[in-house]
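Down below is the structure, laid out as structure tokens.
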Amino acid sequence: MHFTKLFAYAAAFASMVFLPVSGVAAPSPAEKLLESPRPLVIAHRGYSAMAPENTLPAFERGVVSGADMVELDYHHSKDGQLVVLHDYTLDRTTDATNRWGGRGLNVADRTLAELRQLDAGKWFKHPQTGVALPTLNESLDVIQRGSVTLIERKAGDAAACVKLLNDRQLVNQVVVQAFDWDYLRDLHRLEPRQVLGALGPPGTKDGKKLSDAEKALSPAWLDEIKGLGAHAAVWNKQVDAAALKAAHERELKVWVYTINDAAMAQQLFAAGVDGIITDNPAVIWKALATR
Ligand code: G3P
Ligand code: CA
């Protein structure tokens with residue numbers, strides 16, 4: 001068979017298999033979340049009111065809660081493995097100090113094999129045994145089975161994250177967010193398809209400490225977020241209806257953290273927020289159902 005004919009058959013077959021009848025590719029899970037007709041419920045560090053934050057039990061519960069996304073934080077170990085933990089130090093959420101002595105022990109100074117020895121569940125208000133620090137890969141395995149991972153980068157370069165997303169074919173099966181907007185710029189340049197959230201407010205601008213008023217979500221912040229290629233501003237409670245309107249005019253979503261109170265959630269829904277990041281998804285689901 002002539003090569004061009006063979007190519008045409010292959011292309012037609014591929015379009016039948018991978019494209020819907022309309023010929024337009026179906027939106028990815030991350031893109032679908034941007035089109036949601038209701039505010040999103042996002043489990044913060046997993047269902048962290050119910051299980052030790054940023055551990056597999058917290059992620060399993062986050063998925064079971066029906067959260068639209070389950071958020072986590074990652075760092076790089078000394079040997080370059082992506083490991084899930086919020087703080088830069090191990091003291092608060094592991095037994096590192098008891099085990100190794102000293103304080104302020106950095107996650108980045110330890111290999112994955114060392115980090116794996118730590119207990120990450122006994123510190124919790126309802127202590128759990130046999131809970132280890134998870135890798136990003138293991139966490140994705142759990143969360144992606146029933147939700148969408150909101151990956152927050154705490155440390156490490158964009159190339160490592162992009163490599164993982166490409167290796168695992170997870171581009172736009174997840175959302176990536178960071179407080180470091182240079183990291184987001186890099187990630188957008190390397191993988192322009194990936195849906196990104198820009199975390200704020202930044203603490204400083206051009207080396208100058210910002211006042212509370214300057215930290216509020218504003219058209220200037222929104223323009224910067226749009227310019228770096230992000231799709232959502234992920235902000236604290238310093239958002240109001242005007243800022244939300246300005247975001248929507250720019251086709252940006254606004255997700256607010258960390259809201260564990262139904263009355264506050266109701267106020268934010270009324271103002272037009274697009275998502276709430278919470279330690280307790282049940283509280284937010286109830287607030288959403290009764291608004
Ligand atoms: O997802 C938003 C939130 O996680 C940002 O703050 O400190 O909990 O990582 P933090
Ligand atoms: Ca986080």
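As the structure lists them, so they are numbered: ligands from 1, and atoms in each ligand from 1.
Ring geometry for Trp221 against Trp235 counts as tilted: the plane angle lies between 30° and 60°, on a 0 to 90° scale. Aromatic ring pairs are classed by plane angle as parallel below 30°, tilted from 30° to 60° and perpendicular above 60°; the pair His76 and Tyr74 is tilted.
Under the 4.0 Å criterion applied to side-chain N and carboxylate O atoms, Lys226 and Asp223 are not assigned as salt-bridge partners.
In summary, the side chains of Thr135 and Gln81 do not present any donor paired with an acceptor at a separation below 3.5 Å, with no hydrogens or angles considered. Side-chain atoms of Asp274 and His248 form a donor-acceptor pair, as typed in the model, at a separation below 3.5 Å. No hydrogens or angles considered: nothing links the side chains of Asn280 and Thr278 as a donor-acceptor pair under 3.5 Å. Checked by atom type, the side-chain pair Asp279/Asn260 shows a donor-acceptor distance below 3.5 Å.
Restricting Glu71 to its N, O or S atoms, the one at the least distance from the Ca ion (ligand 2) is OE2.
In terms of polar-atom proximity, Tyr257 is not counted as a contact of ligand 1, lacking any N or O under 3.5 Å from an N or O of the ligand.
Atoms of ligand 1 lying under 4.0 Å from any heavy atom of Asp73, numbered from 1 in the order shown and given with element: 9 (O). Every atom of ligand 1 with a heavy atom of Ile277 under 4.0 Å away is listed here by number and element: 1 (O), 2 (C). Each of the following atoms of ligand 1 lies closer than 4.0 Å to a heavy atom of Lys154: 7 (O), 9 (O), 10 (P). Atoms of ligand 1 lying under 4.0 Å from any heavy atom of Arg45, numbered from 1 in the order shown and given with element: 7 (O), 8 (O), 10 (P).
Shortest contact from atom 5 (C) of ligand 1 to any protein heavy atom: Glu152 OE1, 3.6 Å. At the shortest separation from atom 1 (O) of ligand 1 among protein heavy atoms lies Gln177 NE2, 2.9 Å. Of all protein heavy atoms, the one closest to atom 4 (O) of ligand 1 is Glu71 OE2, 2.7 Å. Closest protein heavy atom to atom 7 (O) of ligand 1: His86 NE2, 2.7 Å. Scanning the protein for heavy atoms near atom 3 (C) of ligand 1, the closest one is His44 NE2, 3.6 Å.
For the side chain to side chain contact (heavy atoms under 4.5 Å, CB included) test with Leu105, the passing option among Thr94, Leu118, Thr97, Thr89 is Thr97; the others fail.
If you put the vertex on the Ca ion (ligand 2), OD1 of Asp73 and OE1 of Glu152 sit 80° apart, to the nearest 10°.
Between atom 2 (C) of ligand 1 and the options Ile42, Thr258, Leu199, the minimum heavy-atom separation is to Leu199.
Of the inter-residue distances, the one linking Asp261 atom CG with Gln267 atom CD reads 8.5 Å to the nearest 0.5 angstrom.
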